[in-house]
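Before any comments, here is the structure.
We count residues from 1, following the sequence as given.
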Amino acid sequence: MKRMKATIAYDGSGFAGYQIQLKTRTVQLELLRALKELHKGEPVEVVASGRTDSGVHATGQVIHFDTPFSMPTDSWVRALNVRLPQDIQVYNIEQADADFHARYHAKGKIYRYKWNRGKLINPFSRNHLVHVPQQIDVGRMEKAAQAFIGTHDFSSFCAANTNVVDKVRTIWRIDFEEHGEELHMVIEGSGFLYNMVRIIAGTLLEVGLNRREPEELADIIAACDRDAAGKTAAAHGLYLEKVHY
């Protein structure tokens with residue numbers, strides 16, 4: 001058996017998240033179907049670097065699976081993509097070490113959150129950017145974001161229903177990019193808790209809309225209380241961009 005590592009992208013609009021669920025369409029379900037067909041009806045287990053929620057997109061999700069087949073890289077990409085729906089595509093695949101694990105060996109991740117600052121909602125991007133027609137003060141957001149850099153207990157920025165006990169994570173950088181009407185937040189760190197990026201995005205947006213002060217962020221982090229932070233930003237603005245190994 002060979003362990004294969006693949007980088008995939010998907011439009012999360014048509015999925016109830018990554019993880020397989022009963023009676024609903026998920027990314028993992030489509031991957032399992034494609035691999036089962038390719039392996040002549042034999043089930044193949046797929047492991048991802050992490051789950052993404054309903055509506056969340058990925059441009060650099062990483063998965064691994066084991067196979068007895070030997071094929072060139074290009075043949076693997078074609079064989080999978082022809083069996084996958086058009087809202088999931090494999091961009092790269094390679095043989096990995098036998099003990100490689102897409103989730104447990106991840107050293108860090110990059111996420112991107114996208115807002116559309118235009119006056120009107122673009123019907124062609126409504127599922128891929130979050131519409132915020134108000135004036136956003138990016139400088140205030142940049143100032144507030146500095147409080148996140150470093151290692152902290154991110155309990156204030158984690159969904160209350162998570163079962164994770166250790167909520168200490170390290171954020172390496174948070175950058176903001178302006179692309180015309182679009183505003184992007186790029187966040188890179190060692191790992192992220194459930195809804196962490198979306199809560200950070202929602203809280204920083206409140207700063208940019210003058211609903212919070214940048215100086216509040218340090219106290220919000222120290223509070224270790226989900227109620228202290230802002231609203232969870234909508235799922236469809238979030239992209240898993242890259243996984244570091």
Side-chain angles (χ1 to χ4, degrees), residues 10-19 21 24 26-27 49-59 61 109-117 121 125-134 136-138 140-142 144-149 152-171 174-176 182-214 216-241:
Y10 48 85
D11 178 344
S13 306
F15 297 103
Y18 173 83
Q19 189 178 22
Q21 303 172 44
T24 189
T26 69
V27 176
S49 70
R51 308 169 186 174
T52 51
D53 291 339
S54 177
V56 174
H57 316 289
T59 56
Q61 174 70 282
K109 293 179 180 178
I110 299 176
Y111 282 92
R112 182 178 295 265
Y113 198 91
K114 299 182 181 181
W115 292 280
N116 183 341
R117 300 174 292 180
I121 297 174
S125 64
R126 70 189 188 281
N127 293 323
H128 304 100
L129 297 97
V130 174
H131 186 231
V132 182
Q134 301 96 320
I136 300 175
D137 190 326
V138 180
R140 285 169 57 89
M141 295 175 75
E142 290 175 331
Q146 294 307 304
F148 292 111
I149 307 304
H152 307 282
D153 184 325
F154 282 97
S155 294
S156 295
F157 296 88
C158 177
N161 60 348
T162 183
N163 294 322
V164 176
V165 176
D166 181 7
K167 297 182 177 66
V168 175
R169 298 292 186 273
T170 301
I171 301 298
I174 299 180
D175 297 325
F176 291 90
E182 294 184 18
L183 173 63
H184 297 187
M185 179 189 80
V186 182
I187 183 168
E188 183 175 12
S190 63
F192 296 90
L193 300 163
Y194 182 48
N195 280 353
M196 180 173 160
V197 177
R198 289 168 58 192
I199 298 171
I200 288 175
T203 305
L204 289 175
L205 179 62
E206 291 179 10
V207 174
L209 295 174
N210 293 295
R211 297 172 185 170
R212 293 179 185 266
E213 294 302 317
E216 293 181 42
L217 269 295
D219 290 337
I220 295 172
I221 294 170
C224 293
D225 180 359
R226 174 64 188 92
D227 292 335
K231 293 182 179 179
T232 304
H236 64 276
L238 182 62
Y239 296 72
L240 172 57
E241 187 164 283

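At a threshold of 4.0 Å, the pair R169-D153 does not count as salt-bridged, since none of the basic side-chain nitrogens sits closer than that to a carboxylate oxygen. Ionic pairing of E182 and K114 is not present here: no N-O contact between side-chain nitrogen and carboxylate oxygen is shorter than 4.0 angstrom.
The backbone N or O of R198 sits nowhere less than 3.5 Å from a side-chain atom of N195 that would complete a donor-acceptor pair. Under a 3.5 Å cut-off, the side chain of E216 and the backbone N or O of E213 do form a donor-acceptor pair. Of the possible donor and acceptor atoms, one in the side chain of H57 sits under 3.5 Å from a partner among the backbone N and O of H236. Side-chain atoms of T232 do not come within 3.5 Å of backbone N or O of I199 as any donor-acceptor pair. The backbone N or O of A228 sits nowhere less than 3.5 Å from a side-chain atom of S156 that would complete a donor-acceptor pair. Put simply, the side chain of E241 never gets that close to the backbone of T59: no donor and acceptor are under 3.5 Å apart. Between the side chain of R140 and the backbone N or O of V207 there is at least one donor-acceptor pair closer than 3.5 Å. Between the side chain of S155 and the main chain of C224, no donor-acceptor pair closer than 3.5 Å is present.
The aromatic rings of W115 and Y113 sit tilted relative to each other, their planes meeting at an angle between 30° and 60°.
Between the CD1 atom in I200 and the CG atom in L193 there is a gap of 9.0 Å [rounded to 0.5 Å]. Expressed to the nearest 0.5 Å, how far CG of L217 lies from CE of M141 amounts to 10.5 Å. One distance of note links CD1 of I221 with NE2 of H152; it measures 5.0 Å at 0.5 Å rounding. Remark: I149 CD1 to E188 CD distance equals 10.0 Å, nearest 0.5 Å.
Between I220 and R212, the closest heavy-atom pair is CD1-NH1, 3.5 Å. The heavy-atom pair separating V197 from I187 by the smallest distance is CG1-CG2, 3.9 Å. Annotation for C158 and K167: closest pair SG-CE, 4.1 Å, computed over non-hydrogen atoms. Of all non-hydrogen atoms in F192 and K109, the two that sit nearest each other are CE1-O, 3.6 Å. Between V56 and A235, the shortest heavy-atom contact is CG2-O, 3.6 Å. Smallest separation of non-hydrogen atoms from I171 and I174: CG2-CG1, 3.9 Å.
Taking 4.5 Å as the limit, every side-chain heavy atom of T26 sits out of range of all side-chain heavy atoms of Q19. At a threshold of 4.5 Å between non-hydrogen side-chain atoms, the residues E206 and K231 count as touching. Proximity of L205 to I136: side-chain heavy atoms (C-beta onward) are separated by under 4.5 Å at one or more points. Using a 4.5 Å heavy-atom threshold, the side chains of L240 and S49 count as touching.
When only modelled atom types and interatomic distance are considered, H128 and D11 share a side-chain donor-acceptor pair under 3.5 Å. Between the side chains of T52 and Q61, not a single donor N or O lies within less than 3.5 Å of an accepting N or O.
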Derivation and outcome, side chain to side chain contact (heavy atoms under 4.5 Å, CB included), residues V138 and R117: CA-CA 12 Å; V138 180; R117 300 174 292 180; 4.0 Å; yes
Worked verdict on V130 versus N116 for side chain to side chain contact (heavy atoms under 4.5 Å, CB included): CA-CA 6 Å; V130 174; N116 183 341; over 6 Å; no
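Remark: I121 CD1 is loosely packed, at most 12 non-hydrogen atoms of other residues, nucleotides or ligands lying under 6.0 Å away. Shown here is R226, whose CZ atom has more than 12 heavy atoms of other residues, nucleotides or ligands within 6.0 Å.
Ring centroids of F148 and F157 are separated by less than 6.0 Å, placing the two rings close together. The ring of Y239 has its center no closer than 6.0 angstrom to the ring center of Y111.
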